[in-house]
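Below is one structure, written out as structure tokens; comments come after it.
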Amino acid sequence: MDKDAIKLIENEISLFIRRIVISEKQNRMLERSAYALLRQLSVEGPAGVKSLSEQLDLDISTVSRQAAALEQKKYIDKFPNPKDGRSYFYRITDSGIKELDDNRQRRYERLSDLLTEWTEDEKQTFGHLLKKYNQTVFEKTKP
């Protein structure tokens with residue numbers, strides 16, 4: 001394996017992550033885990049903390065913390081698990097759907113602005129390579 005290529009990829013991934021975090025803060029974005037939680041609830045419907053933790057590959061404590069913050073903002077609400085009244089499910093609220101949609105739109109606009117000078121081929125290639133990378137990581141890390 002080409003060590004120079006691996007070093008380049010590792011460096012660029014580190015920069016990529018750091019710049020995403022900075023961009024989220026500068027552009028009034030939800031934290032990544034909050035965004036992922038809202039997106040998961042909007043796509044899959046109500047779920048409990050343990051299920052969300054497994055689906056999102058996040059610690060239960062992270063899901064619980066994000067859920068509490070999102071509940072306080074009225075983006076999600078919780079209700080008793082119909083099968084077991086001792087536990088709770090979370091579901092996205094109308095204001096949560098709006099916040100998710102607004103965040104998604106800001107992300108699209110930000111990416112569009114950043115990539116204005118890229119050709120369509122470059123954008124497609126970048127998207128395909130990111131998808132391939134994400135699929136590889138998923139396949140190599142699933143239990």
Side-chain angles (χ1 to χ4, degrees), residues 1-81 84 86-143:
M1 205 178 294
D2 183 356
K3 289 183 182 182
D4 288 338
I6 297 302
K7 286 180 183 179
L8 174 65
I9 291 168
E10 188 280 329
N11 183 59
E12 294 304 319
I13 288 173
S14 295
L15 289 171
F16 186 72
I17 292 167
R18 191 170 81 224
R19 290 190 174 124
I20 287 172
V21 170
I22 290 167
S23 179
E24 286 173 350
K25 289 178 184 177
Q26 290 174 341
N27 294 288
R28 303 171 294 130
M29 304 284 190
L30 290 166
E31 288 184 40
R32 281 171 288 146
S33 53
Y35 182 82
L37 182 60
L38 285 178
R39 213 172 81 196
Q40 185 70 20
L41 290 172
S42 76
V43 171
E44 298 295 328
V49 171
K50 184 177 179 191
S51 176
L52 289 166
S53 171
E54 291 168 358
Q55 293 166 358
L56 298 171
D57 198 24
L58 293 170
D59 292 333
I60 288 176
S61 61
T62 300
V63 172
S64 295
R65 185 179 70 252
Q66 287 297 344
L70 292 170
E71 185 180 15
Q72 187 174 14
K73 293 176 181 179
K74 308 281 190 229
Y75 295 159
I76 64 173
D77 60 15
K78 70 179 177 180
F79 61 97
N81 178 340
D84 175 9
R86 296 172 294 166
S87 63
Y88 289 89
F89 277 3
Y90 290 99
R91 67 181 155 217
I92 192 166
T93 63
D94 289 341
S95 61
I97 291 169
K98 181 176 179 349
E99 183 65 21
L100 178 63
D101 289 344
D102 290 349
N103 260 262
R104 186 179 291 129
Q105 188 59 40
R106 284 196 301 274
R107 287 171 184 253
Y108 291 162
E109 289 168 5
R110 177 78 173 137
L111 281 171
S112 183
D113 288 346
L114 287 170
L115 304 178
T116 299
E117 296 179 16
W118 289 32
T119 67
E120 283 305 309
D121 281 348
E122 288 171 327
K123 292 180 221 179
Q124 287 291 329
T125 299
F126 186 58
H128 289 297
L129 289 173
L130 279 174
K131 183 177 181 178
K132 183 176 182 176
Y133 175 81
N134 287 328
Q135 287 174 334
T136 301
V137 170
F138 174 75
E139 289 167 5
K140 300 274 183 176
T141 60
K142 66 181 175 183

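All heavy atoms count here, side chains included; hydrogens, waters and symmetry mates do not.
- Atom CD of Gln72 has 12 or fewer neighbouring heavy atoms from other residues, nucleotides or ligands inside a 6.0 Å radius.
- For the atom pair Gln40 CD and Leu58 CG, the distance stands at 10.0 Å (nearest 0.5 Å).
- Checking side-chain atoms of Ser112 against main-chain N and O of Tyr108 turns up no donor-acceptor pair under 3.5 Å.
- Atoms CD1 and CZ, on Ile97 and Arg39 in that order, are 15.0 Å from each other to the nearest 0.5 Å.
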Item to complete: Walk me through it: do Asp102 and Lys98 pass the test salt bridge (Lys or Arg N to Asp or Glu O under 4.0 Å)?
Response: CA-CA 6 Å; Asp102 290 349; Lys98 181 176 179 349; 2.9 Å; yes
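- Taking 4.5 Å as the limit, some side-chain heavy atom of Phe79 sits within range of a side-chain heavy atom of Arg91.
- Residue Asp113 places its CG atom among more than 12 non-hydrogen atoms of other residues, nucleotides or ligands, all under 6.0 Å distant.
- For the pair Val21 and Arg18, the minimum side-chain heavy-atom distance is 4.5 Å or more.
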Item to complete: Given side-chain contact (heavy atoms from CB on, under 4.5 Å), test Thr125 with Glu122 step by step and report yes or no.
Response: CA-CA 5 Å; Thr125 299; Glu122 288 171 327; 5.7 Å; no
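- Between Asp101 and Arg104, at least one side-chain nitrogen of the basic residue sits less than 4.0 Å from a carboxylate oxygen of the acidic one, meeting the salt-bridge criterion.
- Counted by atom type alone, Glu99 and Ser95 present zero donor-acceptor pairs between their side chains at under 3.5 Å.
- In this structure, Asn81 and Tyr88 have side chains that are not in contact, with every pair of non-hydrogen atoms separated by 4.5 Å or more.
- Here the CG-CG distance, from Asn103 to Leu38, works out to 8.0 Å after rounding to the nearest 0.5 Å.
- With a 4.5 Å cut-off on side-chain heavy atoms, Tyr90 and Pro46 do not count as touching.
- The minimum heavy-atom distance linking Asp77 with Thr93 is given by the pair N-CG2, 3.8 Å.
- To the nearest 0.5 Å, the span separating NZ on Lys50 from OG on Ser64 amounts to 13.0 Å.
- For Glu71, the CD atom sits in a packed shell: over 12 heavy atoms of surrounding residues, nucleotides or ligands are nearer than 6.0 Å.
- The CG atom of Leu100 sits 5.5 Å away from atom OH of Tyr35, with the distance rounded to the nearest 0.5 Å.
- By the side-chain hydrogen bond (donor to acceptor under 3.5 Å, both in side chains) test, Ser53 is found to be paired with no residue, residues two or more places apart in sequence or in another chain being considered.
- Taking CG of Asn11 as the reference point, atom CD1 of Ile9 lies at 11.0 Å (rounded to 0.5 Å).
- What you find for Gln66 and Ser33 is that their closest heavy atoms are NE2-OG, 3.0 Å.
- With a 4.5 Å cut-off on side-chain heavy atoms, Lys132 and His128 do not count as touching.
- A donor-acceptor pair is defined here as one N or O able to donate and one able to accept, closer than 3.5 Å; such a pair exists between the side chain of Asp84 and the backbone of Arg86.
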Worksheet item: For Lys123 and Glu120, what are the C-alpha separation, side-chain angles and deciding distance, and is it a salt bridge (Lys or Arg N to Asp or Glu O under 4.0 Å)?
Response: CA-CA 5 Å; Lys123 292 180 221 179; Glu120 283 305 309; 3.2 Å; yes
